[in-house]
Amino acid sequence: MSSSTTTTETLFVQIIEGVDSLVKEADEQTKPIEVDPYRRRLFEFFVTANGAGYLEEDTDVDLSADGLCRELSRRWGLADAARESVSGQLKLPPEHLSKMRLLWSLMRMWMEWDYAWQRWSEFNAE
């Protein structure tokens, strides 16, 4: 394994772990992730992911909104819970529904930042 691969994997894990921890902290404090200090700290993770080139979809290191959603959903057991809910025609358990709402909020912010970041030069040309 090359040093570059190790660095890439380490940074990827640091971002995922950081976002995961931050969202869990906000949830435990019953604070919305859309306001500071959580929004500011999440945006710092977004900027780091962008700077590392991780916001491209369907790459080895995918921290686009969809990639981030897939990874956190897997970690939080949401994909399995949703499948079980659908197959058993049951309501999603409250703890999973709460996590799903957090994930939607996070994805919405991540997508909005990505969109604005991509279009920044259009509106700020010198």
- line: Rounded to the nearest 0.5 angstrom, the CZ-CG distance for F12 and D60 is 10.5 Å

message: Closer than 4.0 angstrom, basic N to acidic O: yes or no for R75 and E71?
response: yes

field: D36, CG atom: more than 12 neighbouring heavy atoms under 6.0 Å
entry: yes

- prompt: Going by atom types alone, do D62 and S64 pair a side-chain donor with an acceptor below 3.5 Å?
  reply: yes

From S98 atom OG to L78 atom CG, the distance as rounded to the nearest 0.5 Å: 9.5 Å

- request: First locate atom CG of L103, then atom CZ of R108, and finally report the distance between them rounded to the nearest 0.5 Å.
  value: 12.5 Å

field: A26 backbone acceptor or donor facing T30 side chain under 3.5 Å
entry: no

field: Atom CD of E56 with >12 non-hydrogen neighbours under 6.0 angstrom
entry: no

Gap between atom CH2 of W110 and atom CG of L55 - 0.5 Å precision: 7.0 Å

Validation row: L42, M109 side chains within 4.5 angstrom (heavy atoms): yes

- request: Check the hydrophobic clustering (I, L, V, M, F, W, Y; side-chain heavy atoms under 4.5 Å; chains of links allowed) and say if V61 and L72 are grouped together.
  value: yes

Steps toward side-chain contact (heavy atoms from CB on, under 4.5 Å) verdict (E25, Y38): CA-CA 9 Å; E25 177 186 326; Y38 304 108; 3.6 Å; yes

statement: Those residues at least two apart in sequence (or on a different chain) that pass side-chain contact (heavy atoms from CB on, under 4.5 Å) with Q118 are D114

- prompt: Who are the ring-ring contact (aromatic ring centres under 6.0 Å, His included) partners of W113, not counting sequence neighbours?
  reply: F43, F46

query: Hey, any chance Y115 and L106 share a hydrophobic cluster, counting ILVMFWY side chains that come within less than 4.5 Å of each other, even indirectly?
result: no

- request: Taking the side chain as every heavy atom from C-beta outward, state whether F45 and L63 have any pair of such atoms under 4.5 Å apart.
  value: no

query: If we only count heavy atoms from C-beta on, is the L22 to I33 side-chain gap below 4.5 Å?
result: no

task: Could you go through the side-chain contact (heavy atoms from CB on, under 4.5 Å) check for L11 and Q14 one step at a time?
output: CA-CA 5 Å; L11 183 57; Q14 287 174 342; 3.8 Å; yes

Heavy-atom pair of closest approach, residues A79 and S73: N-OG, 3.3 Å

- prompt: Can we say K24 and D20 salt-bridge, meaning some charged N sits less than 4.0 Å from an Asp/Glu carboxylate O?
  reply: yes

task: I would like to know whether D27 and K99 meet side-chain contact (heavy atoms from CB on, under 4.5 Å); could you show each step before the answer?
output: CA-CA 9 Å; D27 189 36; K99 288 283 190 199; 4.0 Å; yes

- prompt: Looking at E44 and R40, does any basic side-chain N land under 4.0 Å from a carboxylate oxygen?
  reply: yes

task: Could you tell me the separation between the CD1 atom of I15 and the OG1 atom of T10, rounded to the nearest 0.5 Å?
output: 11.0 Å

field: Cluster link I16 to V13, ILVMFWY, side chain under 4.5 Å
entry: yes

- prompt: Taking C-beta and beyond as the side chain, do E112 and M107 meet within less than 4.5 Å on heavy atoms?
  reply: no

- request: Indicate, with yes or no, if W104 and V35 share a hydrophobic cluster defined by side-chain heavy-atom contacts under 4.5 Å among Ile, Leu, Val, Met, Phe, Trp and Tyr.
  value: no

